[in-house]
Each structure stands twice: as C-alpha cells, then as structure tokens.
Colleague: 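Would you mind keeping the following structure in view while I ask a few things?
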Amino acid sequence: MTEEKKDKNPEIVGFACSFCSFKASEMAGSLRMKYPEGVKLIQVPCSSRVDPAFVIKAIFEGADGVFVAGCHPGDCHFIKGNYYTRRKIAALKEMFNAFSIKNKIRLFWVSASEARRFVEKVSNMYNEIKEAKT
Amino acid sequence: MKTGIFICHCGHNIKHTVDIKRLKEYFKHYFNVEVAEDYPFVCSEPGQDMIKNNVETHRLDRVIIASCTPALHQELFKDLVKKAGMNPFLLRRVSIREHCSWIGDNIEKNTEKAIKLIKAGLYASVHYIPLEEKQVDVTKSALVIGGGVSGLSAALFLSQMGMQVYLVEKEAELGGHVRNLKNIWPARIDGKEIVERMASALLQRDNVEIFTSTTIRSFEGSFGNYQAALDTLEGEKKIIAGGVIVAIGFSPFNAQLKPEFAYGKDERILTTLDFEKGFDRLTLPEKPRIAILYCVGSRDEMIGKPYCSRVCCINALRVAEKVKERYKDSYVESFYMDVRAHPRGGEEYFEDTQEKGVLFTRGNIAEIIPESRGLLLRGEDTLLTMPFEREFDLAVLSIGMSPPLDNQYIASLLKIILDKDKFFLEAHPKIRPYDTALKGIFIAGTCSGPKDIEESINHGRASAIKLYGLLNLGYTFVEPFIALVDTKRCSGCRACEQTCVAKAIKFDESRRVAHVEEAACMGCGLCNSTCPSSAISLKGHLDSYIGDEIGAILEAI
Ligand code: SF4
Ligand code: SF4
C-alpha cells in the first residue's frame, strides 16, 4: 500500500432502501446529525435490489467498505425482501472471508425513524475501517 | 445528450457549508453538460421559471436538481420539467442538503462529496429512458373487514359517499366487543345502543352488502382492483374492491396467562368483561369487599405485553362506580401502577370515584389465593415498599387488549405488516397513521393498537375518508418501476418466479420464459438481483444506473 493511499480517508459506499434506511439518513440530515462525509449512499427501492455484483464492483473500484442497509426483519415494505438480502450478504461475507476482506462488508437494519441508529452504524463502520487502514 | 444541472443554495442552508461556485465551475464544462446554474431557492417561483426556461431554450433532455432530499418537492419538479416538455423520468434529484451540507461543517469535504453525488446522478441519468405512468381505472367499491365500531363507521361513511361497500364480519352479529358493554363512560349509554344505531343505518342503505358469519378465503390484485373470495354461510362469494379497510379489532387479554391470579379457578375472580356481563346476577354479602386489579395484561414485559391498553383504567373505574352504586357500604380497593385515565374528563372521573370512597393503593399483586372465607391477595405496596395481605369477597381483573386472533392470517393474506406487539403496523406513525404500506389498504380501530370507542370510531372514519379520496378519483397511476424480462436472455430457470414475493412472475410454459404481470409487480427489484442470466431488469433502477453511480462515487475528482 502506498503512503498516499494510507493517508486517505475511507470511502464507504452504502446501499440504502427507500422505505427505511434512506429515510433514516434523510432524517439524520434534517436533524443536523454529523457523520463522516466519506459515507456515500446509493438509493435502492429495496435492500433486495442490491445485486451482490454491486458490492463486488464497489470493492473493485476502490471502496474501503460497503454496506447494505434495509428495514428491520419483518418490516420490509416489500414483505420479505430483506430476508433475501440477509442470505445474499451472508454468502457474500463467506466469500469475502476467503479473501480476508470480510470487514469491508456490512449489513444492518435501520428503520425510517432511527436516524440516530443510522449515524451510529455508519460512523462506527467508518471509524473501524479507518483504524484498520492506518 | 444535453444535461442541465441546477444547484440550489437553499438560502444559507447549503450555501454556507458547500462551495457552490466550485461545484458550478466543476460541472460547467463537463461532458454532456449543457448548462450548470445555481440559484438561491430553486423551488421558488422564479427558481422554477429559471429551470423551465433553460429546459426550453437549451432543449435539455436530462435535468439534475441538486438541492434537498429527493423525496421533497418531487411532484413539483416532476410537473415542472413535464411542462417544459421533458419526460419527468429523465429528471434526477441529488440531495446535497441532507446528505452533505447538514452532516458536516468542513466546506471542502462537503463540496467534494457534493461533486461525487452530482456526478453519480449525471452518470446514472445517461442511461435513463423515458417512462410512462400508466393510468388505470379503479373500482369504486370497498371491502371492510370487521363489523365492530370502527368497521361500521368506515362502512357507513363510504356508503354515504356513494361507494359500494362489502362488510365482512366473522361473527353472526355486528358490533364487536362494544355490543357487550353497559353504561359506557362518558356517554352513559349501552354499547348495544351505539352499535345498533350504526348497524341499522347501514342496513337501510342499498349500496351495502353485509356478510356475517363470513371469513375471507383468498385475496389478490392491486390497488383499484382487489379480488377477494368470501366464505359465507351460503357458500363462496367473489367480490371486487378498489380498496380495503382492515378493522378486525382486538382480543381481550386471556387472564389465564397470569396463573398467579387464579382466574378460571374460582368464580369470585372476574375480568372486567365478565363483570360487565354478570354483575347484575352476582350475589355478594351486604358489605362486600372488592379488589380491582389494574393493568392485567398490559405494561407487563414478562408476558410480552409492554404497551398500555388505554381503556382498562376507565373500565376499572366503571367497575368501582358500579359497585359503589349498588353497595354503598362496600369496601372497594384498587391496585394500580399509575392511573392513566387519559381521555377528556378522565381525570375528573378518577377524582369522583375517589370521592365516592374507592381506595387506591399503588401496589403490585403477586398472587390471589382462593380460600373458603374469601380471596387472599398478597402483594407489595409500592409507595410504602411494604408487603401486605388482604382478604376480599370479589376480585376484578381489568384486562387489557391483545392483538386480534386473526392478525397473522389477515396480515399474510393481505401482505400487510404487524408491529412488534403483533398489532397491525401503520405506514408511518405520524404522517400516515391510517395507511398500511400497500396502496388502498387501510387499518382502523384497535387492530392497530389499543384504543377507546371514540378513537376507534374516529379511526374508522379517517381511514374511510382516505380510501374515499383515493377511489373517488376513478383512476390511479401505476408507478412505472416494474420488472421487465428480456426473453432472449431468459434461460427458464424460474429462480425469479420462486423469489417474487408478489407472485408477479408467471412462467410461460410454452415458450419456457418468465413473464411479469405488471399490475402485481411491487417494484422491489428482488427478481433483478436474483436472475442468474441478467434477463430481468427493474425499470427506473437498471443495473447500469446503479453500476455507474458506484463508479462515480469512487472516481477521483
Ligand atoms: S420487482 Fe419484485 S415484485 Fe416485481 S416481479 Fe420482481 S420480485 Fe416480483
Ligand atoms: S431467473 Fe432469469 S433466466 Fe431464470 S427464469 Fe427468471 S428471468 Fe428467466
């Protein structure tokens, strides 16, 4: 790893579903809660829209971490999309484990009203990854 | 491709923490960008005019508005570009307020993040294709499930507004639990009177069909055109409804789940409901000693009922009042955690009851032991923090509300969701308290959580008004974000068919390819990310958009 890369702040790509997690991020903004700008979101209709290929692509293109955020189990707007997501991400984690990059991927549940939880989750992820980089 | 980028200052909101000048300079000469402008408030009238003029004069075919979060002002901006002659699905909103300017104070970092987000919008929109919102007719009829006070009031409102109503009640009689209540506070009338007034008004109307002793066997379709099969006493009946109101009420808490209270083992231990039905026939000593237990089946984590049932305090006060009326010299002691006499006038009622000589002891009852002389109550006075034992002739348990027994069945039939306590969940507790996540399906009354009678009637009426508003238009737009199968790529593995929760994917046996029923598709994109052959895409959220957004975010600037 080059010196230059080491200094850089982590870039984290997050996929957030329109109905819960993206809403929570909007609320976090409205409440002026602070979190690292290295966290950038891509809005998807449901966490189940996230093709594992997107996660892999993001890692390939240099993301230091990728997360998928969806509604809590049982709360999916599309009934059980998040159960599929959970399985997909679990499988993906296995694969990432084999490459020793397991920490780069996370899945968490954040409901529309949980702005604080959203901020905690993304900040923790960011900080842990930043720590590991230096 | 000609893209216009319009950057909003949102007054100081964005301007103070994002370098707008730098953004504008950055994108001015960017590939595919025809114009890049900034404006103090793009949602203001002059701001809108500025965008509209630019679309018209530059003949833009992509518009990016970098401002507040995409959900805000969405209809306004869609209409705006439409008026300027552009397909609204070629518009992209980028949130540089909620996702940049408000989450950090470092202008340079915020500006760089804004550049990346706008770039993501720019890259994605290259792939955008014009979409059409399809207008479809809706059936002006409603299915009301449940014939208690909230269902009845919903049905009555809808029918008075001229809508065909199908009311389904699983019991033989309409009226739900309210039918059994006597001398309801504060109206001082019998519940029977309330429900019969409503039911007879309903029976007189010729646009209402009432099905009692009826259950719902199947349910399909989408907003404007739901189809249900009913199991009636006369056999199966099929109906078509534009929308649904779920008002299946609650189940009284089963007091046997608290075995320490010995309910069901001794006839001197009653619930408030038993008391309601049987007090007139009860024989008690001349100076009876009566214990009333609050919060039985409510505010009790141990049995998974952490919520307040809202009505049991008033019910308990009604019991006390009734006993005092009949036995002036009775000894009535209430054991409570807090008295939450919450509706208007409730506190005064509580005071009145105290003045009548009813005692209130803040205490937990640990057990009720039936003995021949009387019922022995053991508990702790939580104000004195001292244990006590007292003997009574009668114990009344003020039971709370539990979710309706059919909740799971109805939830999975209609594909709506239950909350952690197993009541039905509203789409949003504040902004959409009557809606479910499904368009045209509303909830009313106690099936979405404990409520008193007034609240249940209000809830029923409110849901009815909302449904009426939706159906009365006579048409609806179907969101064009539906899945599409490229039959040339489809290998016929049927993976999509198996995953689709909405059952929107049908397999064409003759051609051996998948096919999406547009009306049923919810637009989640699960099939898209499942298909191993990349044969399915979700309109409005194509792989190419998302892929390029990822790229844009990670590109060096
Ligand atoms: S987008 Fe969702 S609802 Fe529509 S067909 Fe695909 S899986 Fe089914
Ligand atoms: S998963 Fe793809 S290839 Fe398989 S049946 Fe569905 S559309 Fe066809």
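Everything numeric in this text was worked out from a predicted model, so none of it was measured. Chain identifiers are assigned alphabetically (A, B, ...) following the order of the sequence lines, protein sequences preceding nucleic acid strands; residue numbering begins at 1 within each chain.
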Colleague: Would you indicate whether Phe60(A), at its atom CZ, is surrounded by more than 12 heavy atoms from other residues, nucleotides or ligands within a distance under 6.0 Å?
Modeller: no
Colleague: Quick one: do Lys57(A) and Asp543(B) satisfy salt bridge (Lys or Arg N to Asp or Glu O under 4.0 Å)? Show the steps, please.
Modeller: CA-CA 12 Å; Lys57(A) 180 179 161 88; Asp543(B) 286 358; over 6 Å; no
Colleague: Counting only non-hydrogen atoms closer than 4.5 Å, does Asn106(B) touch chain A with its backbone (N, CA, C, O), its side chain (CB onward), both, or neither?
Modeller: neither
Colleague: Looking at NZ of Lys116(B) and NZ of Lys40(A), how far apart are the two atoms once the value is rounded to the nearest 0.5 Å?
Modeller: 4.5 Å
Colleague: Measure Val66(A) against the heavy atoms of chain B and call it side chain, backbone, both or neither at under 4.5 Å.
Modeller: neither
Colleague: Less than 4.5 Å to any heavy atom of chain B: does that hold for the side chain of Cys76(A), its backbone, both, or neither?
Modeller: backbone
Colleague: Give the interface residues of residues 91-102 of chain B toward chain A, defined by a heavy-atom separation under 4.5 Å.
Modeller: Glu98(B), His99(B), Trp102(B)
Colleague: If contact means a heavy atom pair closer than 4.5 Å, which residues of residues 544-557 of chain B contact chain A?
Modeller: Ile546(B), Gly547(B), Glu549(B), Ile550(B), Gly551(B), Ile553(B), Leu554(B)
Colleague: Please round to the nearest 0.5 Å and tell me the distance separating atom CZ of Phe54(A) and atom OG of Ser529(B).
Modeller: 7.5 Å
Colleague: Could you tell me which portion of Phe15(A) (side chain, backbone, both or neither) has an atom closer than 4.5 angstrom to a non-hydrogen atom of chain B?
Modeller: side chain
Colleague: Please state whether the side chain, the backbone, both or neither of Val119(A) comes within less than 4.5 Å of a heavy atom of chain B.
Modeller: neither
Colleague: Of all heavy-atom pairs between Cys524(B) and Cys46(A), which one has the smallest distance, and what is that distance?
Modeller: O-CB, 3.6 Å
Colleague: Which residues from residues 18-36 of chain A are near chain B, with near meaning under 4.5 Å between non-hydrogen atoms?
Modeller: Phe22(A), Ser25(A), Glu26(A), Gly29(A), Ser30(A), Arg32(A), Met33(A), Lys34(A), Tyr35(A), Pro36(A)
Colleague: To the nearest 0.5 Å, tell me how far Ser534(B) OG sits from Asp51(A) CG.
Modeller: 7.0 Å
Colleague: Counting only heavy atoms not in Lys78(B) (residues, nucleotides, ligands), do more than 12 fall under 6.0 Å from its NZ?
Modeller: yes
Colleague: Which is it for Val44(A) and His541(B) under the side chain to side chain contact (heavy atoms under 4.5 Å, CB included) test, yes or no, and what are the steps along the way?
Modeller: CA-CA 7 Å; Val44(A) 284; His541(B) 302 278; 5.9 Å; no
Colleague: Quick one: which of Ala120(B), Gly540(B), Ala124(B), Pro70(B) has the most heavy-atom pairs under 4.5 Å with chain A, could you say?
Modeller: Pro70(B)
Colleague: Mark yes when over 12 heavy atoms from residues, nucleotides or ligands other than Glu220(B) sit less than 6.0 Å from its CD; otherwise mark no.
Modeller: no
Colleague: If you round to the nearest 0.5 Å, how far is CG of Asn110(B) from CD of Glu37(A)?
Modeller: 7.0 Å
Colleague: Non-hydrogen contacts under 4.5 angstrom with chain B: give the residues of residues 94-109 of chain A involved, or none if there are none.
Modeller: none
Colleague: Within this structure, what is the OG1-OH distance for the pair Thr530(B) and Tyr84(A), rounded to the nearest 0.5 Å?
Modeller: 7.5 Å
Colleague: Is chain A contacted by the side chain of Ala71(B), its backbone, both, or neither, given a heavy-atom distance below 4.5 Å?
Modeller: both
Colleague: Can you tell me how far OG1 of Thr85(A) sits from CG of Leu526(B), rounded to the nearest 0.5 angstrom?
Modeller: 7.5 Å
